[in-house]
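Letters A, B, ... are given to chains in the order of the sequence lines, protein chains preceding strands, and every chain is numbered from 1.
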Protein chains: 2
Amino acid sequence: MKTELDENKDLSAQIAEAIRDAIIEGNLIVDQRLPSEAELCEKFDVGRSTVREALKRLAAQNLIRTQRGATGGAFVNRMSFEDAYDQQITTSTLLLSMNSVDFETACEARYALERSCAPLSAQRRTPDQLATMRAEIHRQSQPGLTDEAFCASDVAFHRALVDGAGNPVLSYQLAGAVEAMQPLMNMITYTQRDRERIVGLHTEITDAIEAQIPEQTDASLQKLAQYTIEMGRSRLSATATGKTSPSE
Amino acid sequence: MKTELDENKDLSAQIAEAIRDAIIEGNLIVDQRLPSEAELCEKFDVGRSTVREALKRLAAQNLIRTQRGATGGAFVNRMSFEDAYDQQITTSTLLLSMNSVDFETACEARYALERSCAPLSAQRRTPDQLATMRAEIHRQSQPGLTDEAFCASDVAFHRALVDGAGNPVLSYQLAGAVEAMQPLMNMITYTQRDRERIVGLHTEITDAIEAQIPEQTDASLQKLAQYTIEMGRSRLSATATGKTSPSE
DNA sequence: TTGTCGTAATTGTCTGACAATTCATTTGCT
DNA sequence: AGCAAATGAATTGTCAGACAATTACGACAA
């Protein structure tokens with residue numbers, strides 16, 4: 001049963017695609033074992049290197065995992081939320097950094113998405129998530145924090161906010177948007193006044209979520225969005241089109 | 001300059017990761033040529049197969065492209081929005097189908113996200129996008145349309161709505177959410193009454209967007225969200241936990 | 001029963017070879 | 001000189017064969 005006699009380009013890519021399609025179509029189900037490399041060689045009538053390169057392509061997308069040994073082989077992988085997070089974040093980060101997406105566009109997207117889960121968060125947040133948010137706010141108030149650490153804490157705060165919606169699909173989608181912004185946010189130098197303002201707004205948001213008032217949550221988040229965009233506009237306007245060396 | 005002498009597992013994965021990190025860090029910039037396979041062999045002190053498998057992993061993530069010939073080699077790829085779309089859609093689709101995410105959760109996420117760009121769409125939609133929406137509504141009204149074709153048109157409608165926000169980052173993020181829902185939506189059998197109701201709501205949304213009234217757009221979209229969730233609840237409740245064969 | 005050994009299956013890696021492709025250079029003809 | 005064709009070199013794509021590493025399983029002995 002030789003399958004897939006194709007034409008003129010990159011056999012390993014074609015084989016990978018064939019198997020990927022089979023997984024998407026549901027012809028190969030989770031944890032099912034693929035044929036061994038030797039069998040795939042026969043089936044597609046190619047050498048072993050070619051089959052292996054195809055399998056590595058699939059492994060890179062978390063579609064399969066491999067195991068050595070007698071009962072080993074390649075198995076269809078269950079796409080975990082965690083794997084999907086990582087992929088999303090990598091892709092989003094590269095997308096933003098390689099296409100010189102301006103701060104304002106990215107920021108608008110991020111806050112638009114984030115606002116969509118704020119009301120849900122206000123309804124459903126757990127005490128745990130609330131505690132995380134408070135803890136991050138406290139960290140952000142520490143004097144002597146580097147800008148990078150401040151940004152990292154900011155991301156953690158917003159992830160807790162997003163996770164508060166209790167919808168893993170939402171969390172997954174938002175992960176990319178929130179994390180991918182970090183490199184852009186890192187380009188900003190935060191003044192003491194900036195930090196105070198941001199911490200204040202974070203507190204406002206957290207208070208609203210604790211009180212479970214969706215409207216107030218949304219309003220505070222919107223204020224934060226606006227402040228962030230203004231901050232980006234004033235800090236990044238000088239270096240807008242050129243390379244980014246805000247040294248002098 | 002032998003780099004990366006590592007320990008006990010999967011050399012090709014480690015090499016791929018090293019190169020990927022270099023790309024993310026910015027040590028390798030877009031369109032820059034990587035060392036040839038032979039050079040990488042020396043640098044990492046491994047065989048050519050190993051290097052090639054590492055490169056295929058990167059190619060599978062659209063991080064590099066390869067070119068044959070004298071001036072060929074592997075080049076850092078610019079992550080295009082289109083590539084990112086595709087990756088997002090594949091990942092999201094598999095994530096939903098493999099983790100038995102229930103219709104309601106997915107639906108909630110999708111409409112929450114979609115509502116976040118509705119106001120922007122109302123402000124910025126182009127005549128083109130408006131026309132696309134009208135055209136899809138018209139298609140959806142055609143009698144004799146299969147459920148699948150109806151769903152496909154639904155997706156096209158919503159993508160036009162999302163694109164109307166004029167923010168490519170938003171469009172990219174939403175692509176996954178909207179497209180990944182399609183298989184779930186396909187499991188529903190749409191009655192004539194369903195279709196009329198949906199077309200009606202689509203028209204309401206489009207009218208609001210044409211009139212550029214954000215509040216009305218949001219309200220109509222929310223009605224559609226609610227109707228969709230109810231529809232899913234009533235149609236899919238019977239087959240909730242078991243396999244999905246709604247044949248009889 | 002239990003522990004050890006060997007065998008088979010399978011993936012991971014290396015080496016060497018050749019094919020295909022592409023560019024640069026040289027050669028040859030006008 | 002100018003242009004076309006042949007040549008060569010560099011590089012990726014593919015194949016074949018070998019060996020190492022890992023794992024499961026059964027056979028055998030204590």
Side-chain angles (χ1 to χ4, degrees), chain A residues 2-20 22-23 28 30-77, chain B residues 2-20 22-23 28 30-77:
Chain A
K2 296 197 187 154
T3 325
E4 299 301 311
L5 279 214
D6 298 273
E7 70 288 5
N8 40 9
K9 35 179 89 156
D10 228 335
L11 293 179
S12 73
Q14 290 177 42
I15 293 173
E17 198 172 348
I19 298 177
R20 204 199 59 193
I23 294 176
L28 291 169
V30 167
D31 289 335
Q32 185 172 341
R33 183 180 179 278
L34 270 64
S36 72
E37 293 177 356
E39 288 169 300
L40 289 173
C41 291
E42 271 205 0
K43 175 165 170 177
F44 291 104
D45 197 26
V46 297
R48 194 172 157 223
S49 339
T50 307
V51 164
R52 282 185 60 78
E53 284 173 14
L55 293 178
K56 292 314 160 213
R57 293 179 117 106
L58 298 173
Q61 300 175 274
N62 287 312
L63 291 178
I64 63 171
R65 62 180 183 279
T66 54
Q67 198 180 356
R68 289 215 271 204
T71 58
F75 298 84
V76 178
N77 211 14
Chain B
K2 294 194 187 157
T3 325
E4 300 300 312
L5 278 214
D6 298 89
E7 70 288 7
N8 39 11
K9 31 178 90 155
D10 229 335
L11 293 178
S12 72
Q14 291 178 41
I15 293 173
E17 200 172 345
I19 298 177
R20 204 199 59 193
I23 294 176
L28 292 169
V30 167
D31 289 335
Q32 184 171 343
R33 183 181 180 276
L34 270 65
S36 73
E37 293 177 356
E39 290 169 299
L40 290 173
C41 291
E42 272 205 359
K43 174 165 172 177
F44 291 103
D45 197 27
V46 296
R48 194 173 159 221
S49 344
T50 307
V51 164
R52 281 186 60 78
E53 285 174 13
L55 293 178
K56 290 314 159 209
R57 291 179 118 108
L58 298 173
Q61 301 175 276
N62 287 313
L63 291 179
I64 61 170
R65 61 181 184 279
T66 53
Q67 199 179 356
R68 289 215 270 204
T71 58
F75 298 84
V76 178
N77 211 14

Under 4.0 Å, counting only non-hydrogen atoms across every strand here, what does Gly47(B) touch: a base, just sugar-phosphate, or nothing? sugar-phosphate

Under 4.0 Å between any heavy atoms, over every strand shown, what does Ser49(A) touch: base, sugar-phosphate, or nothing? Just pick one. base

I'd like to know if the side chain of Gln14(A) and the backbone of Leu11(A) have a donor-acceptor N/O pair within less than 3.5 Å.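 Such a contact is absent between Gln14(A) side chain and Leu11(A) backbone.
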
Arg65(A) side chain to Ala59(A) backbone, donor-acceptor under 3.5 Å: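 Flag not set: sc Arg65(A) to bb Ala59(A) has no pair under 3.5 Å.
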
Quick one: [atom1] on [X] to [atom2] on [Y], what's the gap to the nearest 0.5 Å?
X        : Y        : atom1 : atom2 : answer
Thr66(A) : Arg33(A) : OG1   : CZ    : 11.5 Å
Leu28(B) : Leu63(B) : CG    : CG    : 10.5 Å
Ile19(A) : Arg57(A) : CD1   : CZ    : 11.5 Å
Ile64(A) : Lys56(A) : CD1   : NZ    : 6.5 Å

Name every residue in residues 57-68 of chain A that has at least one heavy atom under 4.0 Å from any atom of DNA chain C, in order of residue number, or write none if there are no such residues.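 Those residues whose heavy atoms fall under 4.0 Å from DNA chain C, taken from residues 57-68 of chain A in numerical order, are Thr66(A), Gln67(A), Arg68(A).
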
Rounded distance in Å - [atom1] ([X]) to [atom2] ([N]):
X        : N       : atom1 : atom2 : result
Glu37(B) : dT12(D) : CD    : P     : 4 Å
Glu42(B) : dC14(C) : CD    : C1'   : 15 Å
Leu40(B) : dC14(C) : CG    : C1'   : 16 Å
Arg52(A) : dC15(D) : CZ    : P     : 15 Å
Arg33(B) : dT22(C) : CZ    : P     : 15 Å
Phe44(B) : dG12(C) : CZ    : C1'   : 18 Å
Gln14(A) : dG13(D) : CD    : C1'   : 12 Å
Lys56(B) : dT14(D) : NZ    : P     : 7 Å

So, is Lys9(B) near the phosphate of dT22(D), with a side-chain N or O under 4.0 Å from OP1 or OP2? no

Would you be so kind as to tabulate the donor-acceptor pairs closer than 3.5 Å made by side chains of residues 46-53 of chain B, with sequence neighbours excluded?
from: Arg48(B); atom 1: NE; to: Glu37(B); atom 2: OE1; distance (Å): 2.6
from: Arg48(B); atom 1: NH2; to: Glu37(B); atom 2: OE1; distance (Å): 2.9
from: Arg52(B); atom 1: NE; to: Glu53(A); atom 2: OE2; distance (Å): 2.8
from: Arg52(B); atom 1: NH1; to: Glu37(B); atom 2: OE2; distance (Å): 2.7
from: Arg52(B); atom 1: NH2; to: Glu53(A); atom 2: OE1; distance (Å): 3.3
from: Arg52(B); atom 1: NH2; to: Glu53(A); atom 2: OE2; distance (Å): 3.4
from: Glu53(B); atom 1: OE1; to: Arg52(A); atom 2: NH2; distance (Å): 3.3
from: Glu53(B); atom 1: OE2; to: Arg52(A); atom 2: NE; distance (Å): 2.8
from: Glu53(B); atom 1: OE2; to: Arg52(A); atom 2: NH2; distance (Å): 3.3

Kindly point out which of dC14(C), dC15(D), dG13(D) is positioned nearest to the side chain of Thr50(A)?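 Ranking dC14(C), dC15(D), dG13(D) by closest atom to the Thr50(A) side chain puts dC15(D) first.
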
Pick the nucleotide of DNA chain C nearest each of Arg48(A) and Ala70(A); which residue has the one closer to the 5' end?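 Final value for this comparison: Ala70(A).
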
